[in-house]
Amino acid sequence: MSAPSAAEPRGLLRRRPGRGSPLSLAVGVGMCAVLVLLALTHRMLEPHDPGASELARRLLAPGGDHLLGTDQLGRDVLSRVLAGTSWSLGIGMVATTLGAVTGTMIGVGAGWSHGWVRVVLTRAVDIGISFPYLVTAITVIAVVGHGFWPLALTLGLVSWPTFARVVYAETLGLAKREYVTAARLIGVGRLASVFSHVLPALRPTLQVMAAFMFADMLIAESSLSFLGLGAPLGVPTWGNMLAESKSYLATSPWLMLAPAAATVASVLAANLLGDGLTARDRLKNTRAG
């Protein structure tokens with residue numbers, strides 16, 4: 001496997017070098033903080049029970065006691081959007097963490113080792129990255145079943161090749177740095193060098209990648225739920241709400257607008273955070289130079 005550049009990841013991880021500004025970091029951090037706060041406190045903020053049906057109030061337009069209206073079963077849309085925050089963000093965080101940890105371990109192992117170990121690990125990355133992750137996730141979920149943990153673990157396991165490929169390239173470059181070579185010459189072991197020199201140097205890259213991958217995982221979760229392969233039916237998730245709203249798009253557009261806006265806002269927050277981290281690291285490199 002040839003050593004790729006850090007600009008090579010697929011999907012939302014592709015960024016143009018000139019993008020990003022310090023303002024993006026502040027806005028991204030603020031939006032992400034609000035989303036996390038909503039996910040943690042949604043039960044206190046829900047004006048109604050998100051699962052309570054009241055057919056006499058079905059398809060009410062936004063206003064009054066139901067600020068975002070009600071759905072086809074009379075359930076409060078705002079309460080369901082708030083309840084879906086913990087599901088969508090939780091899956092995105094678990095999947096991104098699992099993918100980052102697994103990909104980093106394999107990428108560092110491939111870049112820091114030699115001989116047959118490197119060959120086996122790099123071939124594993126080649127095989128993993130050759131499969132479209134969304135198609136792979138659909139196949140796995142169809143076999144293992146629905147639910148929070150099956151979906152989160154599946155997305156995490158299919159996202160690791162992107163991390164591994166970039167970390168592998170970065171590790172190859174770090175292994176040739178003078179300070180790493182000097183540490184090895186004075187007796188620092190290979191494993192100790194990984195924790196003391198390689199992983200700290202990889203931290204900025206992993207932070208940026210994790211932000212963009214988190215946005216990718218949010219879209220993947222909503223897409224799978226929309227296709228009926230995410231949360232079980234009836235669970236208030238943004239993907240499920242979008243799937244349920246398609247039959248009422250012409251008559252009750254608020255059923256689609258609320259979960260769509262929540263998904264867009266979450267993806268935008270993650271991308272602004274990633275752009276801001278990119279700008280911060282570029283500014284640090286400029287000052288260091």
Please give me the minimum heavy-atom distance between [X] and [Y], naming the atom from each residue.
{"X": "V94", "Y": "W149", "result": "CG1-CZ3, 3.8 Å"}
{"X": "A220", "Y": "L155", "result": "CB-CD2, 3.9 Å"}
{"X": "R80", "Y": "P50", "result": "NH1-O, 2.9 Å"}
{"X": "T104", "Y": "V167", "result": "O-CG1, 3.9 Å"}
{"X": "V125", "Y": "A164", "result": "CG2-CB, 3.8 Å"}

Could you tell me if the side chain of [Y] sits less than 4.5 Å from the side chain of [X], heavy atoms only?
{"X": "V166", "Y": "L206", "result": "no"}
{"X": "T102", "Y": "F163", "result": "no"}
{"X": "L89", "Y": "S266", "result": "yes"}
{"X": "T122", "Y": "Y168", "result": "yes"}
{"X": "W160", "Y": "I106", "result": "yes"}
{"X": "W116", "Y": "V120", "result": "yes"}
{"X": "R118", "Y": "L172", "result": "yes"}
{"X": "D275", "Y": "F212", "result": "yes"}

Return yes when atom CE of M31 has more than 12 non-hydrogen atoms of other residues, nucleotides or ligands closer than 6.0 Å, and no otherwise.
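Yes - once you tally the heavy atoms of other residues, nucleotides and ligands closer than 6.0 Å, there are more than 12.
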With L218 as reference, evaluate T96, I91, V267 under the side chain to side chain contact (heavy atoms under 4.5 Å, CB included) test and give the passing residue.
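It is V267; the other options fail the test.
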Residues in side-chain hydrogen bond (donor to acceptor under 3.5 Å, both in side chains) with H66, at least two apart?
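H66 satisfies side-chain hydrogen bond (donor to acceptor under 3.5 Å, both in side chains) with D76 once adjacent residues are dropped.
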What's the spacing between [X] [atom1] and [Y] [atom2] if we round to 0.5 Å?
{"X": "L257", "Y": "S252", "atom1": "CG", "atom2": "OG", "value": "11.0 Å"}
{"X": "L224", "Y": "I138", "atom1": "CG", "atom2": "CD1", "value": "5.5 Å"}
{"X": "T70", "Y": "H48", "atom1": "OG1", "atom2": "NE2", "value": "9.5 Å"}
{"X": "D49", "Y": "R43", "atom1": "CG", "atom2": "CZ", "value": "9.5 Å"}

Under 3.5 Å, is there a donor-acceptor pair between the side chain of S159 and the main chain of G156?
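Answer holds: yes.
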Review item, side-chain donor-acceptor pairs of residues 230-247, under 3.5 Å, at least two apart:
unit_1: T237; atom_1: OG1; unit_2: N240; atom_2: N; d: 3.1
unit_1: W238; atom_1: NE1; unit_2: V81; atom_2: O; d: 3.0
unit_1: N240; atom_1: ND2; unit_2: P232; atom_2: O; d: 3.2
unit_1: N240; atom_1: ND2; unit_2: V235; atom_2: O; d: 3.1
unit_1: E244; atom_1: OE1; unit_2: R75; atom_2: NH2; d: 3.4
unit_1: S245; atom_1: OG; unit_2: M241; atom_2: O; d: 3.4
unit_1: S245; atom_1: OG; unit_2: L242; atom_2: O; d: 2.9

By ring pair (Phe, Tyr, Trp, His ring centres under 6.0 Å), which residues pair with H42, not counting sequence neighbours?
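With sequence neighbours excluded, H42 shows a ring pair (Phe, Tyr, Trp, His ring centres under 6.0 Å) to no residue whatsoever.
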